[in-house]
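Every chain is numbered from 1 and lettered A, B, ... according to where its sequence line falls, protein lines coming before strand lines.
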Amino acid sequence: MPLPVPLPPGTALLAWYDRHRRTLPFRRSDGGRPDPYRVWLSEVMLQQTTVAAVGPRFERFLARFPTIEALAAAPEAAVMEEWAGLGYYARARNLHACARAVAAMGSFPRTAEALRALPGIGAYTAAAVAAIAFDEPVVPADGNVERVVARLLAEETPLPAAKPRLSAAAQGFMADEAARARPGDFAQALFDLGATICTPKAPACALCPWRGECLAQQRGIQADLPRKVPKRARPLRHGAHFLLTDTAGHLLLRRRPPRGLLGGMLELPGTPWRDEAWTEAEALPHAPIPGLAWRRLPGIARHGFTHFELEMRLYAATVPHLDPPEGMEARDRMEAAAVLPTVMRRLLALAG
DNA sequence: AAGTCGTGGAT
DNA sequence: TATCCAAGACT
């Protein structure tokens, strides 16, 4: 009987993946070659966004834009509306620009290096699409992979400073022959390991295919890694917005500037957002149509952004017929609820 | 290169 | 309620 030899990392991880891989809406289960359009779309949707949030939106997006040519041919406003509620709206603008670039080229580039040059595709997404769709031997380093590698190596340097080292170490996995034979599966195996075993809070080390070689687990510090630099507190800001409706149930919306926060999305017209609350006398001059009988609705809508928190007051008025001023448009209430970003849906909720 | 850029679920 | 953080990109 030979001495038990630890399986090389690639073989052990892939064997675990073949038994425990997750079934996901954007992941093929028939073993066929993934469609680059679907892989790319899912990777962009999944940027800083949970699998649970992407799930129902992925097929819905594909139903509306079945091919990258269809996406490229669509107006940007249609893409923004389809993206409403998903957040990080620059992704939708870049997605559209990328679709037009790829459609003009005829097909997706097949290497991470070439993919990296497209809008909205950074180092991670380039490697993920190259590995999953084209089996290029690269390792996409997302938050899961950073966490797995930080624990494997017991890396004490806090993120984000440690990211280059962790990413390089992850790429080093491709020296393993088993990993190099299945780059797409290897990448997704790392994702699944991070999502189901090597979790942020209480990792299930007893079930981990790499428990034998994990330095953090040996030292008992796995739950403390990766270390991170503390985030700054989020300031509180204030706004006042205006709900103008007509007797047919339409309401007035305004398109935000094409870049920056919520760039290109629709909103309820309102004041700028500032550090101090708006009094009624300060807010009313910002109404889309001054001089109407604006009435303050009770309550305050709150919404958390990445780097500040927002409290909004809402004023309402009614006119017989809505005639949108320049730069604004009228939508019926059901449609508005569907195309507005979440922060604006909170205001609609305030109106009942 | 640190700040900007959304949202919802888990804890 | 407060905090974390998720298949990050861009400036």
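- Listed in residue order, the members of residues 21-35 of chain A having a heavy atom less than 4.0 Å from DNA chain C are A:Arg22, A:Leu24, A:Phe26, A:Arg27.
- Other cluster members for A:Leu252: A:Phe242, A:Leu244, A:Leu284, A:Ile289, A:Leu292, A:Trp294, A:Tyr315, A:Val319, A:Leu322, A:Met328, joined by side-chain heavy-atom distances under 4.5 Å among Ile, Leu, Val, Met, Phe, Trp and Tyr.
- Residues passing the salt bridge (charged side-chain N to carboxylate O under 4.0 Å, His left out) test with A:Lys228, sequence neighbours excluded: none.
- The stretch residues 343-352 of chain A touches DNA chain B through A:Val343, A:Arg346, each having a heavy atom within less than 4.0 Å of the strand.
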Any protein N or O atoms within reach of nucleotides 9-11 of chain B? Criterion: under 3.5 Å, listing atom names and distances.
none

Give the table of side-chain donor-acceptor pairs shorter than 3.5 Å for residues 165-173 of chain A, with sequence neighbours excluded, one pair per line with atom names and distance.
{"unit_1": "A:Arg165", "atom_1": "NH1", "unit_2": "A:Glu155", "atom_2": "OE1", "d": "3.3"}
{"unit_1": "A:Gln171", "atom_1": "OE1", "unit_2": "A:Val139", "atom_2": "N", "d": "3.0"}
{"unit_1": "A:Gln171", "atom_1": "NE2", "unit_2": "A:Pro137", "atom_2": "O", "d": "3.2"}

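- Residues that satisfy the side-chain contact (heavy atoms from CB on, under 4.5 Å) test with A:Ala114, not counting sequence neighbours, are A:Pro109, A:Thr111.
- At a non-hydrogen distance threshold of 4.0 Å, A:Arg116, A:Pro119, A:Gly120, A:Ile121, A:Gly122, A:Ala123, A:Tyr124, A:Thr125 from residues 113-134 of chain A come into contact with DNA chain C.
- Screening residues 104-119 of chain A for salt bridge (charged side-chain N to carboxylate O under 4.0 Å, His left out), with sequence neighbours left out, gives no hits.
- Legend: residues meeting salt bridge (charged side-chain N to carboxylate O under 4.0 Å, His left out) with A:Asp18, ordered by chain and number and at least two apart, are A:Arg182.
- With sequence neighbours excluded, the residues forming a salt bridge (charged side-chain N to carboxylate O under 4.0 Å, His left out) with A:Glu282 are A:Arg274, listed by chain and number.
- Remark: A:Gly85, A:Leu86, A:Gly87 in residues 77-87 of chain A come within less than 4.0 Å of DNA chain B through at least one heavy atom.
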